[in-house]
Amino acid sequence: MFSNKIQTGLTKQLNKESESSQLYLSMASWTERKGFEGICEFLYDHSNEERIHMLKLIRYISKRGGFIILDNICINKITYGSLRELFQILFEHEKKISNEINILVELCLQEKDYFTYNFLQWYVEEQVEEETLIKTILNKIELIEEDKGGLYLFDKDIKNFHKKK
Ligand code: FEO
């Protein structure tokens, strides 16, 4: 079993992963409505990945005798001015998640909880890959800007963008 502080930190993190999953889902739906077939698939797939991040935390908490509290998640923003705006928001979101993982890892060291510290290393590595991936996509979109031909090709090409592991 872990300390109350770790329980609180892990609970907060699992709800952040749930929020990430919902955010990607909401963005996927917007891009699908706009006709970006490749980008919407990428975002739908990523929403599933975020759900897996949440599940990993839930399973770990349960295994260690902790309890699960699921927040009500509400994504208020449902429309975007451009793909660039959407991926900028996503990049800022991923940076925020990385920061939260860092705080949680630091808490593990303070609490001398080396089991949870070890468990969280997977998330540390994952966040490096996620930030890099979203930034790469954002850079491409900034290069293309509003060039419709470029966006059309990028929408086809996005299936070739993967996390490098
Ligand atoms: Fe699970 Fe994109 O952070």
Side-chain angles (χ1 to χ4, degrees), residues 1-34 36 38-81 83-111 113 115-138 158-159 161-165:
M1 186 54 190
F2 33 61
S3 70
N4 286 341
K5 282 185 184 171
I6 297 288
Q7 166 74 62
T8 302
L10 290 173
T11 302
K12 197 171 154 211
Q13 193 57 40
L14 84 84
N15 281 292
K16 286 285 165 198
E17 301 293 350
S18 175
E19 182 193 338
S20 297
S21 179
Q22 301 280 57
L23 179 64
Y24 276 91
L25 204 51
S26 155
M27 289 173 161
S29 165
W30 183 81
T31 53
E32 188 166 30
R33 282 202 312 277
K34 294 286 176 188
F36 293 110
I39 295 171
C40 87
E41 288 307 325
F42 171 86
L43 293 168
Y44 278 127
D45 285 351
H46 209 102
S47 170
N48 287 339
E49 276 195 35
E50 296 294 353
R51 186 171 182 278
I52 290 168
H53 298 176
M54 176 192 71
L55 269 179
K56 275 175 92 84
L57 278 154
I58 290 178
R59 300 297 298 268
Y60 176 75
I61 294 169
S62 301
K63 222 186 297 178
R64 301 286 318 279
F67 53 86
I68 302 304
I69 298 170
L70 296 172
D71 293 346
N72 282 327
I73 309 282
C74 184
I75 306 293
N76 290 318
K77 188 166 174 58
I78 54 165
T79 186
Y80 302 89
L83 275 180
R84 181 184 183 155
E85 186 201 359
L86 183 149
F87 277 98
Q88 185 68 53
I89 290 171
L90 216 38
F91 183 51
E92 294 304 321
H93 178 80
E94 288 297 351
K95 284 198 291 185
K96 195 177 71 180
I97 297 291
S98 298
N99 189 44
E100 278 153 1
I101 295 282
N102 276 338
I103 291 169
L104 195 48
V105 167
E106 177 66 28
L107 180 67
C108 290
L109 292 177
Q110 286 165 13
E111 294 287 294
D113 184 341
F115 296 108
T116 305
Y117 175 87
N118 198 39
F119 166 75
L120 288 174
Q121 293 314 300
W122 184 86
Y123 288 85
V124 171
E125 201 181 321
E126 184 72 8
Q127 277 314 119
V128 174
E129 303 306 328
E130 295 223 341
E131 269 192 40
T132 307
L133 176 64
I134 300 299
K135 184 71 172 91
T136 304
I137 293 172
L138 180 59
I158 194 169
K159 60 178 175 299
F161 283 72
H162 302 290
K163 283 180 278 184
K164 294 177 180 60
K165 287 204 169 168

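The model shown is predicted, which means the values in this text are computed figures rather than measured ones.
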Task: Nearest heavy atoms of E17 and I101, plus distance in Å - done: OE2-CD1, 4.5 Å
- [ ] Mind listing the closest non-hydrogen atom pair of L104 and L120 along with its distance?
- [x] CG-CD1, 3.6 Å
Task: Between CG on residue L10 and CZ on residue F67, distance to nearest 0.5 Å - done: 10.5 Å
Task: Interatomic spacing from CD in E100 to NZ in K96 - rounded to 0.5 Å - done: 6.0 Å
Task: Candidate pair L57 and M54, rule side chain to side chain contact (heavy atoms under 4.5 Å, CB included), full reasoning - done: CA-CA 5 Å; L57 278 154; M54 176 192 71; 5.8 Å; no
Task: Check: Q121/E125 side-chain N/O donor and acceptor closer than 3.5 Å - done: no
- [ ] Give the minimum heavy-atom separation between L43 and L90, together with the two atoms involved.
- [x]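 The answer is CD2-CD2, 3.8 Å.
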TODO: Would you sort out whether R64 and D113 count as a side chain to side chain contact (heavy atoms under 4.5 Å, CB included), showing the intermediate values?
DONE: CA-CA 12 Å; R64 301 286 318 279; D113 184 341; 4.1 Å; yes
TODO: Give a yes or no answer on whether the side chain of K56 reaches the backbone of I58 with a donor-acceptor pair at less than 3.5 Å.
DONE: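 Absent.
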Task: N15 side-chain N/O to D71 backbone N/O, donor-acceptor pair under 3.5 Å - done: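 Confirmed, N15 side chain pairs with D71 backbone.
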TODO: Would you give the length of the straight line joining atom OG of S18 to atom CZ of R51, rounded to the nearest 0.5 angstrom?
DONE: 9.0 Å
Open item on the list: Taking the side chain as everything from C-beta on, heavy atoms only, tell me whether F36 gets closer than 4.5 Å to L86.
Closed with: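 They are not in side-chain contact.
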- [ ] Test S29 against Y44 for side chain to side chain contact (heavy atoms under 4.5 Å, CB included), laying out the working first.
- [x] CA-CA 8 Å; S29 165; Y44 278 127; 4.1 Å; yes
TODO: List the steps and the verdict of side-chain hydrogen bond (donor to acceptor under 3.5 Å, both in side chains) for S26 and Q22.
DONE: CA-CA 6 Å; S26 155; Q22 301 280 57; over 6 Å; no
Task: From CD (E131) to CD (E92), nearest 0.5 Å - done: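 Going from CD on E131 over to CD on E92, the span is 9.5 Å.
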Task: Over 12 non-hydrogen atoms of neighbours within 6.0 angstrom of OH in Y80 - done: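 For Y80, atom OH is crowded (more than 12 foreign heavy atoms under 6.0 Å).
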Task: Shortest non-hydrogen contact from A28 toward C40 - done: O-CB, 3.5 Å
Task: Any M27 side-chain heavy atom under 4.5 Å of F42 side chain - done: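 The answer is no; the side chains never approach within 4.5 Å.
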Open item on the list: Looking only at side-chain N and O atoms, does Y24 offer a donor or acceptor that is under 3.5 Å from a partner on E49?
Closed with: no
Task: Heavy-atom check, side chain of I97 versus side chain of Q13, under 4.5 Å - done: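 SC-SC contact between I97 and Q13 confirmed.
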TODO: Heavy atoms only: give me the nearest F115-Y60 pair and the separation to one decimal.
DONE: C-OH, 3.5 Å
- [ ] For atom NZ of K95, decide whether the heavy atoms of other residues, nucleotides or ligands shown that lie under 6.0 angstrom number more than 12.
- [x] yes
Open item on the list: Give me the atom names and distance for the closest heavy-atom approach of N76 to C74.
Closed with: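 In this case the closest contact between N76 and C74 is OD1-SG, 3.3 Å.
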Open item on the list: Contact between E19 and E50 at the side-chain level, heavy atoms closer than 4.5 Å - yes or no?
Closed with: no
- [ ] Nearest 0.5 Å please: distance from the NE2 atom of H53 over to the CH2 atom of W122.
- [x]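 One gets 3.5 Å once the value is rounded to the nearest 0.5 Å.
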Task: Spacing of I158 atom CD1 and I39 atom CD1 [to the nearest 0.5 Å] - done: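 Going from the CD1 atom of I158 to the CD1 atom of I39 covers 5.0 Å.
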Task: From Q127, E126, E130, residue fulfilling side chain to side chain donor-acceptor pair (under 3.5 Å) relative to S98 - done: Q127
TODO: Kindly determine whether K34 and L83 satisfy side chain to side chain contact (heavy atoms under 4.5 Å, CB included), including the steps that lead there.
DONE: CA-CA 10 Å; K34 294 286 176 188; L83 275 180; over 6 Å; no
Open item on the list: A side-chain contact here means heavy atoms from C-beta on lying under 4.5 Å apart; do I78 and W30 qualify?
Closed with: no
